[in-house]
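These notes are about the structure you will find just below.
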There are 2 protein chains.
Amino acid sequence: MTPELKLQPLRCLLAILDQGGFHAAAKHLHRSQPAISMAVRDLEERLGQPLFEKGNGKALLTPFGQWCAPRFRELVAHHDRVSRDAQAMASHRAGRVDIAAVPSVASRLMPGILASFVNEYPGIEISLQDGHSELVAQMVVTGEVELGITSLWQPQEALESTPLLHDEIGVVCREDHPLAAHQSLHWRELTGHALIRNGTSRLLEGSPAEGLLEQSALYISNMISLTAMLEAGIGITTLPRLAFQEEHDRLRFVPLSKPRLERRIGLVSRANVSLSPAAAAMQRHVMAYLEDRKT
Amino acid sequence: MTPELKLQPLRCLLAILDQGGFHAAAKHLHRSQPAISMAVRDLEERLGQPLFEKGNGKALLTPFGQWCAPRFRELVAHHDRVSRDAQAMASHRAGRVDIAAVPSVASRLMPGILASFVNEYPGIEISLQDGHSELVAQMVVTGEVELGITSLWQPQEALESTPLLHDEIGVVCREDHPLAAHQSLHWRELTGHALIRNGTSRLLEGSPAEGLLEQSALYISNMISLTAMLEAGIGITTLPRLAFQEEHDRLRFVPLSKPRLERRIGLVSRANVSLSPAAAAMQRHVMAYLEDRKT
DNA sequence: ATAAAATGATCAGGAAGACTTACCATGACG
DNA sequence: CGTCATGGTAAGTCTTCCTGATCATTTTAT
């Protein structure tokens, strides 16, 4: 019923109009002149009406042709737009990645990563949000974000993860605290000191130091508040090194050596679902960036 | 640089999505299944990115594919429209308009409009379908129809709209309902009465009467069912006047005066795309018809 | 007026592409 | 463990499309 108008003949028609003749159009399209003739005839047959006035030697549109031409032009333009956009999307020159990361990574690692990424892929839109590790994992599972950077808790069915770096756990206290002078600490040395729990405290769970958590009466989730409490000398806390702001001159970070604890930070994405081109580029970039940085 | 996307492979892709599998698509397109596979592979090669997830047995789009699919669908729809229009024009049927309208307009306004239109333009084919307001807008955007008559929700980028008329919102209840005797109503007077929500209830959102919706336990989308519920005295509802069938002798329409609410009905078409002659004629006709009718 | 040039149309042959038939690999299910 | 579904692959056939040569007609130049 409705004939299938192929794009090439339409392009021929438009080229004839733009270039002002069959021969010129042929040259413009890098085709031979008969090809143009045939394309036009094919179109005319499909539509059941002549597009060009016959008889006189010149290329002149029929009224029907005049009616068709702008629509054909629009259609071809539409095609080119779609094709170009898809091409741009496929080759990472456009697109969008949504990322979630735990706060420490978001504030200390991502700025550098994103700076070099936007430099390399200027067309890609990026959205970064932070949340605690389980929230990050959940956002990846639900598809709210495509990539997550978070603690590798335990292998989850729906997630695919790549380890990125190890982050050592240590004790944070004020510089004048008795523990501040140590080079490293055994967990027993913490007993008796007021311990403030925070969002990363669950990293102690399952280790010999787990018992310490039960003695702790304070839980502070906000990092700013936590820092203020530590500076006020209200107690000590445990943090991964990455989450400790090393610039703080009144606070000290002392690694826990027995047990030596660390969280493994990794890049997670949904399993069995391939990433968008933009997200794949981001994934490669993150991994390359951290690989470089290790050396 | 920009690959030439042929239409047939695009159709294959869409058929796979719509029919839910390669085999089903093949049957639908009267092709063999390998042809579909090859078409998809051809597309993927041109774009440089896979469109379908490999490995698992099911036909699942990659994110890139999900991004592409709606654009491809739009492009194919555009082609079909151009092809159909040209075909119609070639066969002296002078044209064709596809219109979508919200149900109230389709049932109460369009009969009169179309009656006079076919009288004036006997050669033009008309197709009218109805759907809720967002569906109408979407059909215009995708090019499934050229003209839409719908609630002007908020100005949309891809759409061009012309206001046609204002449609007052009111309360509909049975004639023996306590509210039926009023000439107009303040929204507070509705509290305590069982309110049935319907497809037009979102018109109350953002107004003082919005709170009423939360008390409502019933949502009925079908107008016939809604009328039956009202006649049974199960509750009251709000409707634009145009959606209320004035012939109903057991139901009453009482305007809401505080707040006075109205939906603006308008004629929408795609922006930056010229209408077919037939659609342009229809657009002029609709506007003239309603201008006449106001007086 | 006549030759020269340019227009588009036509035809046969060949290269490229698309479709089909037949067969293969894999995963779900009883 | 076999059966049925999925989609992927390979070789052969057929169609489509393009080219090169040639023709008919009109326009232009001498």
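Throughout, protein chains are lettered first and strands after them, A, B, ... in sequence-line order, and every chain is numbered starting at 1.
- Rounded to whole Å, atom C1' of D:dC17 lies 18 Å from atom NE2 of A:H30.
- OP1 or OP2 of D:dC17 lies within a sub-4.0 Å distance of a side-chain N or O belonging to A:K6.
- Atom CZ of A:R31 is separated from atom P of D:dG20 by 12 Å (rounded to the nearest Å).
- Of all heavy-atom pairs spanning B:V136 and B:A100, the tightest one is CG1-O, 3.8 Å.
- Using a 4.0 Å cut-off between a side-chain N of Lys or Arg and a carboxylate O of Asp or Glu, B:R202 and B:E134 qualify as a salt bridge.
- One atom, CZ of A:R11, and another, P of D:dC18, lie 13 Å apart when rounded to the nearest Å.
- Per the geometry, CD belonging to A:E45 stands 14 Å off C1' belonging to D:dC17, to the nearest Å.
- Distances shown here put every side-chain N or O of A:H23 at or beyond 4.0 Å from the OP1 or OP2 atom of C:dA6.
- C:dA6 atom C1' lies 16 Å from atom CD1 of A:I36, rounded to whole Å.
- In this structure, the CD atom of B:E44 is 15 Å from the C1' atom of D:dT9, given to the nearest Å.
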B/S/- contact track for nucleotides 9-14 of chain C, protein heavy atom under 4.0 Å
BB----

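- Within the structure, the ring-ring contact (aromatic ring centres under 6.0 Å, His included) test picks out the following pairs touching residues 269-295 of chain A (sequence neighbours left out): A:F117-A:H285.
- A straight line from CD of B:Q8 to P of D:dC17 spans 11 Å, rounded to a whole angstrom.
- Between B:L51 atom CG and D:dG8 atom P the separation is 12 Å, expressed in whole Å.
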